[in-house]
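If you're wondering where the values come from, they're calculated on a predicted model, not measured in any experiment. As the structure lists them, so they are numbered: ligands from 1, and atoms in each ligand from 1.
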Amino acid sequence: MTNFDRKSHWENIYSTKSLEEVSWHQPIPTTSLQFFTKNNIPLDAKIIDIGGGDSFLVDNLLELGYTNLSVLDISAAAIERAKVRLNENASKVTWIVSDITQFKPEVSYDFWHDRAVFHFLTEETEIEQYRTLVADAVVSNGTLAVGTFSENGPLKCSGIEIKRYSIVELTTCFESNFEPVEKFQINHDTPFGTVQHFTFVRFKKK
Ligand SMILES: C[S@@+](CC[C@H](N)C(=O)[O-])C[C@H]1O[C@@H](n2cnc3c(N)ncnc32)[C@H](O)[C@@H]1O
C-alpha cells in the first residue's frame with residue numbers, strides 16, 4: 001500500500017465512522033493505562049502515543065496528571081476529533097499529523113506507546129525503519145510499550161492486512177535495543193461483540 005493510499009484510507013475511516021463503529025475503540029484503555037499506573041511513570045515523562053487516533057488514552061493520562069503528552073496519527077481527521085472532544089484540554093497536548101514511516105522526532109521520549117499501529121507495517125524495510133526510529137527516539141531506560149494482533153488474532157485490521165506477532169516474535173523484533181520487561185496476551189472485546197487477540201510487550205531501552 002502506498003503512503004497516499006494509506007492516508008486516504010484513514011482519513012476516510014475517521015470522516016465516516018463513529019467511535020463505536022471501529023473495532024479498536026475502548027471506552028477506557030485499561031491495558032495501556034496500567035503501563036503507566038503500575039510502573040510509577042513520572043507525571044512529567046515525555047510520552048508519545050503512536051497512531052493514537054481518537055483513542056481515550058490521552059484523556060485518561062491528562063486526568064491522571066500527565067503534563068508532557070504527544071499524539072501522532074496519519075489522519076488529520078482523527079486528531080481533529082480528539083481535539084474537539086478534549087476541548088480546552090486539547091492545548092495541553094502536542095498533536096502531530098504524520099505517517100510514522102515519515103516521522104522525524106525533534107525531541108526524545110521517555111515513553112513510546114503503540115497499540116495496533118506497528119502491526120500495519122508489513123514490509124521488512126518499513127519494520128526496520130520503525131525499529132531504528134524507536135531506538136533513536138526513546139531515551140536510555142525509557143519505555144516502549146507495543147501491542148499488536150497476536151498469532152491467533154485477526155488477519156486484517158480496518159480491512160488492511162497486518163502482520164501478527166507472537167510474544168516471542170514481538171520480543172525478538174525489538175530486543176537488540178530494548179530489554180523486555182513485561183509480556184502478555186489479552187482479548188480485546190470490540191464494540192460490536194467480536195474478540196481480537198492481542199500481544200503486548202513492554203520494553204526498557206538498553
Ligand atoms: C487500529 S487504530 C488504533 C488506534 C489507537 N492506537 C487505539 O488503540 O485506539 C490504528 C491507528 O493508527 C493510525 N495509523 C495507521 N497507519 C499509520 C501510520 N503509518 N502512521 C501513523 N498513524 C497510522 C490510524 O489512523 C489509526 O488511528
Side-chain angles (χ1 to χ4, degrees), residues 1-36 47-61 69-83 85-86 93-105 109 111-123 125-134 137 144-150 153-165 186-192 194-200:
M1 180 177 275
T2 65
N3 290 340
F4 176 76
D5 288 340
R6 191 183 265 165
K7 180 159 173 71
S8 302
H9 172 85
W10 290 106
E11 294 295 12
N12 182 48
I13 293 285
Y14 284 107
S15 305
T16 57
K17 290 190 186 280
S18 67
L19 276 174
E20 285 78 18
E21 286 177 312
V22 296
S23 63
W24 53 90
H25 174 62
Q26 301 173 292
I28 303 176
T30 317
T31 304
S32 299
L33 278 171
Q34 57 89 31
F35 287 129
F36 297 86
I47 296 163
I48 187 161
D49 188 16
I50 301 300
D54 65 352
S55 157
F56 284 27
L57 180 61
V58 67
D59 310 45
N60 281 273
L61 292 175
L69 300 170
S70 298
V71 176
L72 175 146
D73 203 279
I74 197 170
S75 165
I79 297 276
E80 193 49 36
R81 274 164 57 152
K83 279 181 169 176
R85 187 183 69 233
L86 281 165
V93 178
T94 301
W95 303 97
I96 304 165
V97 177
S98 173
D99 186 322
I100 189 59
T101 63
Q102 309 294 315
F103 182 42
K104 308 259 182 291
Y109 296 96
F111 200 115
W112 179 288
H113 173 265
D114 178 326
R115 174 177 179 266
V117 188
F118 173 64
H119 70 188
F120 287 108
L121 305 182
T122 54
E123 290 174 19
T125 47
E126 287 193 336
I127 293 170
E128 182 54 37
Q129 216 181 332
Y130 186 105
R131 273 199 294 249
T132 305
L133 171 66
V134 72
L144 162 65
V146 195
T148 66
F149 284 173
S150 84
L155 295 169
K156 291 187 175 183
C157 183
S158 185
I160 302 176
E161 280 188 19
I162 52 93
K163 185 164 161 56
R164 301 184 300 174
Y165 290 85
I186 195 166
N187 277 325
H188 163 60
D189 297 317
T190 71
F192 22 89
T194 57
V195 173
Q196 298 174 331
H197 198 234
F198 270 77
T199 297
F200 276 91

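- In this structure, OH on Tyr130 lies 12.0 Å from CZ on Phe120, to the nearest 0.5 angstrom.
- Considering only residues two or more places apart in sequence or on other chains, Arg164 meets the side-chain contact (heavy atoms from CB on, under 4.5 Å) condition with Phe149, Leu155, Ile162.
- Only one option out of Asp49, Val58, Ile79 pairs with Val93 in a side chain to side chain contact (heavy atoms under 4.5 Å, CB included); it is Val58.
- Residue pairs satisfying the salt bridge (Lys or Arg N to Asp or Glu O under 4.0 Å) criterion with at least one member in residues 8-21, sequence neighbours excluded, are listed as follows: Lys7-Glu11.
- Side-chain contact check for Thr101 and Asp99: at least one donor-acceptor pair (N or O, by modelled atom type) lies under 3.5 Å.
- Evaluation of the side-chain contact (heavy atoms from CB on, under 4.5 Å) rule for Asn187 yields Val195, His197 as partners, not counting sequence neighbours.
- A distance limit of 4.0 angstrom between heavy atoms and ligand 1 selects the residues Arg6, Trp10, Tyr14, Trp24, Gly51, Gly52, Gly53, Ser55, Leu72, Asp73, Ile74, Ser98, Asp99, Ile100, Arg115, Ala116, Val117, Phe120, Cys157.
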